[in-house]
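Have a look at the structure below before the remarks.
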Amino acid sequence: MTSKMKPNGSAKISIKDKTIELPVYSGTVGPDVVDISKFYKESDHFTLDPGFTSTASCESQITFIDGDKGTLLYRGYPIDELAENSNFIEVAYLLLQGELPNEEEYQQFNHNITYHTMVHEQFKTFFNGFRRDAHPMAIMCGAVGALSAFYHDSTDVTDQRQRVVATHRMIAKMPTIAAMAHKYTVGQPYIHPRNDLDYTENFMQMMFAVPAEKYEINPVLAKALDKIFILHMDHEQNASTSTVRLAGSSGANPFACIAAGIACLWGPAHGGANEAALRMLEEIGDVSNIPEYIKRAKDKSDPFRLMGFGHRVYKNYDPRAKVMREACHEVLDALDIRQEPTLKVAMELERIALEDEYFVEKRLCPNIDFYSGITLRALGFPTEMFTALFALARTVGWIAQWKEMYEDPAQKIGRPRQIYTGAAERRFIPRAKR
Ligand code: SDX
């Protein structure tokens with residue numbers, strides 16, 4: 001990848017009697033950066049930034065977020081325009097290649113993905129090793145990591161053709177594996193992928209069809225799910241994407257890197273928040289209980305957090321939450337579930353929180369996970385599948401970011417340093433003398 005950073009002056013840092021001058025660069029949009037890559041060599045100091053709140057880990061051209069304006073761009077296109085006008089396959093192509101496809105490119109890419117949706121038949125034996133009550137994300141971590149054992153012919157990352165095949169296999173097989181994880185836990189037979197359906201319709205039939213009867217695709221619901229997948233596809237250098245990049249920086253194969261990303265996404269502070277948010281709304285149960293939970297969320301001694309609220313970057317609103325809320329109402333209207341009880345709690349909780357001085361002062365707003373749980377449950381997905389759906393969609397962003405990392409001539413193995421505050425060097429004392 002050719003760097004598009006533009007030099008924009010320098011920054012001077014004075015430490016004791018020494019002044020270090022560091023280059024400053026500008027990107028297309030967003031904050032400038034101070035390049036500190038030579039800081040340790042010139043100052044004999046490390047910088048410290050737990051949680052990387054002020055640290056850019058890389059240069060990227062894939063996604064841009066402006067947390068104050070509530071902007072989210074995929075390769076320059078606003079997320080709401082893509083969600084309204086595009087589809088999963090077209091946005092996946094955009095994230096991978098950097099431009100929207102023409103008709104020929106679209107059809108070729110769609111064919112490449114469609115014809116990789118089946119998994120090796122031996123995969124069923126692999127699944128049999130799990131307990132039937134395993135959490136789908138536990139299965140996804142194991143199964144995706146195991147892909148490198150089944151598709152060893154696309155694990156040599158130095159071979160560009162193998163990287164392309166692994167990319168197609170990863171995007172194509174995630175829906176099949178996610179649906180198998182669900183079917184395995186409910187004891188129903190696996191449903192094979194169908195090449196006559198689009199990506200999201202295919203996933204829905206693998207999830208909900210049974211051999212005993214014909215499964216009818218509901219196009220309104222399929223379109224809503226496709227929109228939800230687009231919203232979840234990528235999000236700059238979030239925790240799971242950074243995990244994938246760090247794993248990939250060692251030269252690990254893409255299946256192993258994506259498995260690492262799935263493991264990180266599972267946490268309730270990250271992708272696990274959609275499952276946690278719905279469970280929280282169910283626990284609140286009725287709008288009359290909201291004040292008690294708002295009080296708990298503010299209480300520092302109480303570990304309770306309002307799941308689906310707050311974000312490291314968005315400090316006004318998450319543009320995905322706005323589209324998600326609209327999709328939620330579309331689905332509930334299409335299914336005639338207007339009195340969905342958790343929706344009433346969610347809307348009242350959102351109204352109260354956005355007026356509460358604690359949430360206003362800390363700039364906490366609903367994020368993508370706040371409404372996704374209600375929508376996914378209305379679509380028929382069990383709560384424990386919510387994060388698996390997030391992982392299915394985010395696989396596109398993970399693999400696009402992995403590709404960009406691997407093709408970046410400046411990339412090297414990621415290896416952060418630390419400030420050490422442990423014991424100074426000391427001599428070993430035999431146990432008899434302690
Ligand atoms: C995702 O990074 C991404 O891009 C992630 C993601 C993606 O697409 O990849 O957008 C997906 O992970 C969305 C976030 C889903 N997680 C949740 O909804 C879980 C609940 N949210 C919180 O855990 C929290 O808001 C985080 C983890 C999302 C953000 O944490 P930060 O940026 O580290 O903020 P913080 O924890 O330092 O909070 C700042 C203050 C704290 O109070 P003080 O210590 O300053 O007094 O706000 C408080 C927090 O206690 N706070 C909350 C809160 N979130 C933050 N208080 C109550 N409820 C909350 N939800």
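Bear in mind that the values here come from a model prediction, so they are computed numbers and not experimental data. Both ligands and their constituent atoms are indexed starting at 1 by order of listing. Below, all heavy atoms of this structure are taken into account, side chains as well, without hydrogens, waters or symmetry copies.
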Considering only non-hydrogen protein atoms, determine which one is nearest to [atom] and report residue, atom name and distance to 0.1 Å.
{"atom": "atom 16 (N) of ligand 1", "value": "A269 O, 2.9 Å"}
{"atom": "atom 17 (C) of ligand 1", "value": "A273 CB, 3.5 Å"}
{"atom": "atom 14 (C) of ligand 1", "value": "N367 ND2, 3.6 Å"}
{"atom": "atom 47 (O) of ligand 1", "value": "K362 CD, 3.5 Å"}
{"atom": "atom 24 (C) of ligand 1", "value": "F309 O, 4.3 Å"}
{"atom": "atom 59 (C) of ligand 1", "value": "R305 CD, 3.5 Å"}

Query raised in the report: Near R394, which atoms of ligand 1 are under 4.0 Å from a heavy atom of that residue?
Result: 7 (C), 8 (O), 9 (O)
Query raised in the report: Given R312, K315, H311, which has its nearest heavy atom closest to atom 3 (C) of ligand 1?
Result: H311
Report summary line: Rounded to the nearest 0.5 Å, the NZ atom of K344 sits from the CD1 atom of I290 at a distance of 11.0 Å
Query raised in the report: When the aromatic ring centroids of F381 and F208 are compared, is their separation below 6.0 Å?
Result: yes
Query raised in the report: Ring centres of F203 and Y199 under 6.0 Å apart?
Result: no
Taking NZ, NE, NH1 and NH2 as the nitrogens, is one of them in [X] or [Y] under 4.0 Å from a carboxylate oxygen of the other?
{"X": "E201", "Y": "K223", "result": "no"}
{"X": "E348", "Y": "R351", "result": "yes"}
{"X": "R279", "Y": "E283", "result": "no"}

